Amino acid sequence: MTVHVQAAIAKSLAPPTSTLWNTQLREFAKQCLFSDALHLYRRMLRSGQSPNVFTFPFVLKSSAALSFSVTGALLHGHVLKTGCEPEPFVQTSLISMMREEVVSVNSVTLLGLIPGCFSPVDLDLGKSLHCCSIKIGLELDSSVGNCLLTMYVKCGSVEYARKVFDEMPEKGLITWNAMISGYSQNGFATRVLDLYREMKLVGVSPDPVTLVGVLSSCTHLGAHGVGREVEQRIELCGFGSNPFLMNSLVNMYARCGNLVKAHSIFSSMKERSLVSWTAIIGGYGMHGHGELAVKLFEEMIKAGIKPDKTLFVTILSACSHSGLTDRGLEYFATMERSYGLQPGSEHYSCVVDLLGRAGRLKEAEELIRSMKVKPDGAVWGALLNACKIHKNVKLAELAFERVIELEPANIGYYVLLSNIYSDAENSEGVLKVRTMMRERKLRKEPGYSYVEFKGEVHIFLAGDRTHQQTDDIYRMLAELESLVRKLCESNGIGGKMKNEQHLIGENNVHSEKLAIAFGLLNTRPGMEIIVIKNLRACDDCHLFLKLVSKIADREFIVRDATRFHHFKDGVCSCRDYW
DNA sequence: GTAGGGTTAG
């Protein structure tokens, strides 16, 4: 179409109609070729073709994107804000054009203007466009409403978006999708699932776009049940060839630990994009199969696909979790050398983690000092974490000092340092950290864990006794604890358990332990137990849960704020190498 | 002729 239009205009075989001009303008605006759009607009005027109501949105959008002044007062504010002087051509051509036609702001104009505000810095301008649409009584128009809703989502104002959503009298598929994707992209996974249920109840049929948002939220929540329902729907509706949807499905299964299923979907895909590869490689890496992740990565390179920055984060972390230190360092070196990708802070934090887990703390510290970009909190945080593993109090103090300069309110780092002191039996240090937290009025958010069982969510806090099965749960825990102790003594791993001894007992019952005990009580062998934890899963529970999986011969997953921990037969597929 | 989509560490 585009080629045809260009050819028609260039050869002037027939005088282009306004529709042809507008189609080409729209193409340019869509591809963000804004100055091309403005040039085309100039040619259009020169050729004697008058712009009409369909012309304005694309010209206005292009002008707005280029920060040029367009329609009077509305965008004048924008120009002042960015400090861009209006380009003389745009100004003169617009003024002359306006003189000839009365520009009335209608829904089409708004639809051209609002997408110019799809970024948090333009939120104020977007709000004024919202006011403008209310003034002319168009805010309830479904296209304008959808557009405003999306604008708020892209600006990160989910609550405003929801307000627009609630006020819209006619909610079409696109309205539901915009809200569902909006929640999904901003991390409100439970709200996505609520809205999805509501949508089906009012009789709107989900399409692939809906399901992508829903699947992404299932992945974050570990909501396997909904995920499987979505998969059935995909088959039923014949959406199986949609690459976006298939990527989401691969990602969901990969992250939930069902790598066989993830791989089979991945293999069956006709088009495998970089995102598909990232999903499957990340899945293997996350579950401790670093060798397989590396193998797939090499396969991808051989297939002629170029990795991007995201994939490098994924592969570096895969190497880190499987102890493939040197392989990871090689990849880090090729990033810039072979692919021209400048490593960012996120890559450095992976490499610090890589070196740190391997005990190469000195090199990790040197790497940070050699960084061209300013290290962020995550980089020093990775070093601090390594100090916890390898019990280096001195370096930990330095890393803590740096990380706290950058993220003074991040409680996780205070807890980490406190645990490092506690491991070193340095009670003075523990006290120091606690005082610091009190002075800064920082309080640790209470950790909780929950299990989804028969459509209900069972939530537990540390030491919780409110659940109706409390007695049985505690009995089960006491039994497990005594079996764990026996196993430790007979296998001579009591040393590792030493730090954990004080955790056993009612005062130190972690929420994930309660959730697992609940799961063991209520599910049959062979059924998977998935526990979700709001914060990071407790390191001290790790060994306990591994041993429980052996004793009870059961498989379970603890999904915490950062990753999946897959426990099976006494092994955790996550960070098990050390 | 308008609005909605997948991947990333700690």
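To find a chain, count down the sequence lines: A is the first, B the second, and so on, and within it residues start at 1. In this text, all values refer to a predicted model and were calculated from it rather than measured experimentally.
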Out of B:dG6, B:dT8, B:dG10, whichever nucleotide has its closest atom nearest the side chain of A:V212: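 Output: B:dG6.
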Nucleotide nearest A:S317 when distance is taken to its side chain, options B:dG5, B:dT8, B:dA9: B:dA9
Touch class at under 4.0 angstrom, heavy-atom based, for A:P243 against every strand present: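 No contact at all - A:P243 keeps every heavy atom at 4.0 Å or more from the nucleic acid.
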Sugar-phosphate, base or nothing in reach of A:T314, heavy atoms under 4.0 Å: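 Counting heavy atoms under 4.0 Å across all strands, the contact made by A:T314 is with sugar-phosphate only.
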Set of residues satisfying ring-ring contact (aromatic ring centres under 6.0 Å, His included) with respect to A:F188, sequence neighbours excluded: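 A:Y183.
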A:H220: partners by ring-ring contact (aromatic ring centres under 6.0 Å, His included), with sequence neighbours left out: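 Not a single residue meets the ring-ring contact (aromatic ring centres under 6.0 Å, His included) criterion with A:H220.
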Residue pairs fulfilling salt bridge (charged side-chain N to carboxylate O under 4.0 Å, His left out) with at least one residue in residues 401-412 of chain A, sequence neighbours excluded: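 Listed by first then second residue: A:R402-A:E405.
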Within residues 263-282 of chain A or reaching into it, pairs that qualify as salt bridge (charged side-chain N to carboxylate O under 4.0 Å, His left out) - sequence neighbours excluded: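 Counting only pairs at least two positions apart or across chains, no salt bridge (charged side-chain N to carboxylate O under 4.0 Å, His left out) contact touches residues 263-282 of chain A.
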Any N/O donor-acceptor pair, A:T150 side-chain to B:dA3 base, under 3.5 Å: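 Between B:dA3 and A:T150, which were checked side chain against base, a qualifying N/O pair under 3.5 Å is absent.
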Check: A:N247 side chain, B:dG5 base, donor-acceptor under 3.5 Å: no
Residues from residues 272-279 of chain A lying under 4.0 Å of DNA chain B - heavy atoms: A:S273, A:V275, A:T278
Interatomic distance, A:E27 CD vs B:dG1 P [rounded to whole Å]: 13 Å
Separation of B:dG6 C1' from A:I234 CD1 (nearest whole Å): 12 Å
Residues in side chain to side chain donor-acceptor pair (under 3.5 Å) contact with A:S273, at least two apart in sequence or another chain: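 Expected list: A:S276.
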